[in-house]
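Take a look at the structure set out below.
Letters go in sequence order (proteins before strands), and every chain restarts at 1. If you're wondering where the values come from, they're calculated on a predicted model, not measured in any experiment.
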2 protein chains.
Amino acid sequence: MNSAKKKRLEANGWRVGSTAEFLNLSPEEAAYIELKLALSKALQDLRKSKNLTQVDLAKRIKSSQSRVAKMEAGDASVTMDLMFRSMFALGASRKKVVGMLV
Amino acid sequence: MNSAKKKRLEANGWRVGSTAEFLNLSPEEAAYIELKLALSKALQDLRKSKNLTQVDLAKRIKSSQSRVAKMEAGDASVTMDLMFRSMFALGASRKKVVGMLV
DNA sequence: TTGATATATGTCAAATATGACATATATTTG
DNA sequence: CAAATATATGTCATATTTGACATATATCAA
């Protein structure tokens, strides 16, 4: 894992043991975090492809702009459930959503 | 949606409006719930393919047998995060996991 | 630049998920 | 069959996630 990715994860509030242990992410922890980051990227791409603002999306899912921003930033405080719901709210099919995670 | 699926969802504690509205699931609600159910099934298949008990899996993820049972039952009280983490803890790759959801 | 619009970041009370536990019910094994 | 093992179901105190809000920082057009 390069230092840019490390910084990105730390900045997003991920706490996977101490910073000292950071480079020793177990494979399963790493796979989970990376899938979540892929999901956040997919959500942002999808929203932009629909030419919607974060406020627009927030309204559709009855949430707030700040939470949408956190989803797209891959913040540790948001669940994948909310991200998947958001993508479906943007009209994506399951095939489309899953396809964006491969 | 057939009556068997309706019963299955209700039994799992899903509350998507009243029972009366049940057949009027919005497409995005339906897509989310069905993806989650697919995930619960995938997790169970994966665990069984490794010949592990729910207790075995619970230990690996530092959870409890009852929570594993709920995950596999597609209970509304468990997050997809925990399910994905579980699958990775079972040694599945991202490609494998995502592939089971197509 | 300035103003308008979009996104990011931090905080909090309320809502929801969590592991743990007890215990019920299947399922398997002898 | 009975005992052993596995899974299901319900509850609870604690932990985490939530929408909402304030406010900071971009981004862009006039």
Side-chain angles (χ1 to χ4, degrees), chain A residues 7-17 28-29 32-33 35-37 39-90, chain B residues 7-17 28-29 32-33 35-37 39-90:
Chain A
K7 193 161 190 179
R8 184 157 156 245
L9 291 174
E10 286 179 338
N12 292 341
W14 291 102
R15 279 289 160 273
V16 189
E28 57 264 31
E29 287 170 326
Y32 163 67
I33 291 177
L35 177 60
K36 202 160 170 178
L37 288 176
L39 188 55
S40 68
K41 180 69 165 41
L43 172 60
Q44 184 171 49
D45 289 349
L46 191 61
R47 176 182 62 80
K48 287 183 172 170
S49 78
K50 305 280 181 183
N51 288 311
L52 296 174
T53 66
Q54 292 183 345
V55 170
D56 293 333
L57 173 54
K59 279 177 185 159
R60 289 198 192 192
I61 62 174
K62 300 184 200 303
S63 181
S64 59
Q65 178 269 325
S66 59
R67 191 132 300 275
V68 172
K70 277 158 190 152
M71 280 196 271
E72 294 185 354
D75 191 282
S77 84
V78 319
T79 59
M80 297 175 82
D81 295 68
L82 190 59
M83 297 189 204
F84 278 113
R85 273 195 215 259
S86 299
M87 294 186 78
F88 290 131
L90 288 172
Chain B
K7 192 161 190 178
R8 184 157 157 246
L9 290 175
E10 287 180 339
N12 292 342
W14 291 100
R15 277 291 160 271
V16 189
E28 57 264 32
E29 288 170 327
Y32 163 68
I33 292 177
L35 176 60
K36 201 159 171 179
L37 288 176
L39 188 55
S40 69
K41 179 70 163 41
L43 172 60
Q44 183 170 50
D45 289 349
L46 191 61
R47 176 183 62 81
K48 286 184 174 172
S49 78
K50 305 280 181 182
N51 288 310
L52 296 174
T53 66
Q54 292 183 344
V55 170
D56 293 334
L57 173 55
K59 279 176 185 160
R60 289 200 192 193
I61 61 174
K62 301 184 197 304
S63 180
S64 59
Q65 177 270 326
S66 60
R67 191 134 299 271
V68 172
K70 277 159 190 152
M71 281 197 270
E72 295 186 354
D75 190 283
S77 84
V78 319
T79 60
M80 296 173 82
D81 295 68
L82 190 58
M83 296 188 206
F84 278 113
R85 273 196 214 257
S86 299
M87 294 185 78
F88 289 131
L90 288 171

What is the distance, to the nearest angstrom, from the CD atom on Gln54(A) to the P atom on dA20(D)? 15 Å
Among Lys41(B), Lys48(B), Arg47(B), exactly one meets side chain to side chain contact (heavy atoms under 4.5 Å, CB included) together with Asp45(B). Which residue is that? Lys41(B)
Between Ser64(A) and Asp81(B), the residue closer to the 5' end of DNA chain D by nearest nucleotide is Asp81(B)
Classify the side chain of Gln65(B) versus the base of dA8(D) as yes if they form a donor-acceptor pair under 3.5 Å and no if they do not. yes
Distance test, side-chain N/O of Ser66(A) to OP1/OP2 of dT9(C), below 4.0 Å: no
Is there a side-chain contact between Asp56(B) and Arg60(B) (heavy atoms, below 4.5 Å)? no
According to the Watson-Crick and G-U wobble definitions, with both distances under 3.5 Å, which nucleotide is paired to dG30(C)? dC1(D)
In whole angstrom, give the distance that lies between atom CD1 of Ile61(B) and atom P of dT18(C). 10 Å
Please classify the nucleic acid contact of Thr53(A) as base, sugar-phosphate, or nothing, using heavy-atom distances under 4.0 Å. sugar-phosphate
Classify Thr79(A) by what it touches in the nucleic acid, base, sugar-phosphate, or nothing, heavy-atom distance under 4.0 Å. sugar-phosphate
What's the CG-C1' distance between Asp75(A) and dG19(D), to the nearest Å? 14 Å
Separation of dT23(D) P from Lys70(A) NZ (nearest whole Å): 15 Å
Leu90(B) and Leu43(B), any side-chain heavy atoms less than 4.5 Å apart: yes
Specify the separation, in whole Å, of atom CE of Met80(A) and atom C1' of dA17(C). 16 Å
In whole angstrom, give the distance that lies between atom CG of Asn51(A) and atom P of dC28(D). 14 Å
Straight-line distance of Leu39(B) CG to Glu72(B) CD, nearest 0.5 Å: 11.0 Å
Between Ser77(A) and Ala69(B), who's closer to the 5' end of DNA chain D by nearest nucleotide? Ala69(B)
Would you mind reading off the distance between Lys62(B) atom NZ and dT16(D) atom P, rounded to a whole angstrom? 15 Å
Would you say Arg67(B) places a side-chain N or O within less than 4.0 Å of OP1 or OP2 belonging to dG10(D)? no
Quick one: label Val78(B) by what it contacts on the DNA or RNA (base, sugar-phosphate, nothing), any heavy atom closer than 4.0 Å. sugar-phosphate
Rounded to whole Å, the CG-P distance (Leu82(B) to dT16(D)) equals 13 Å
Nearest-0.5 Å distance that lies between atom CE in Met71(B) and atom OG in Ser77(B): 10.0 Å
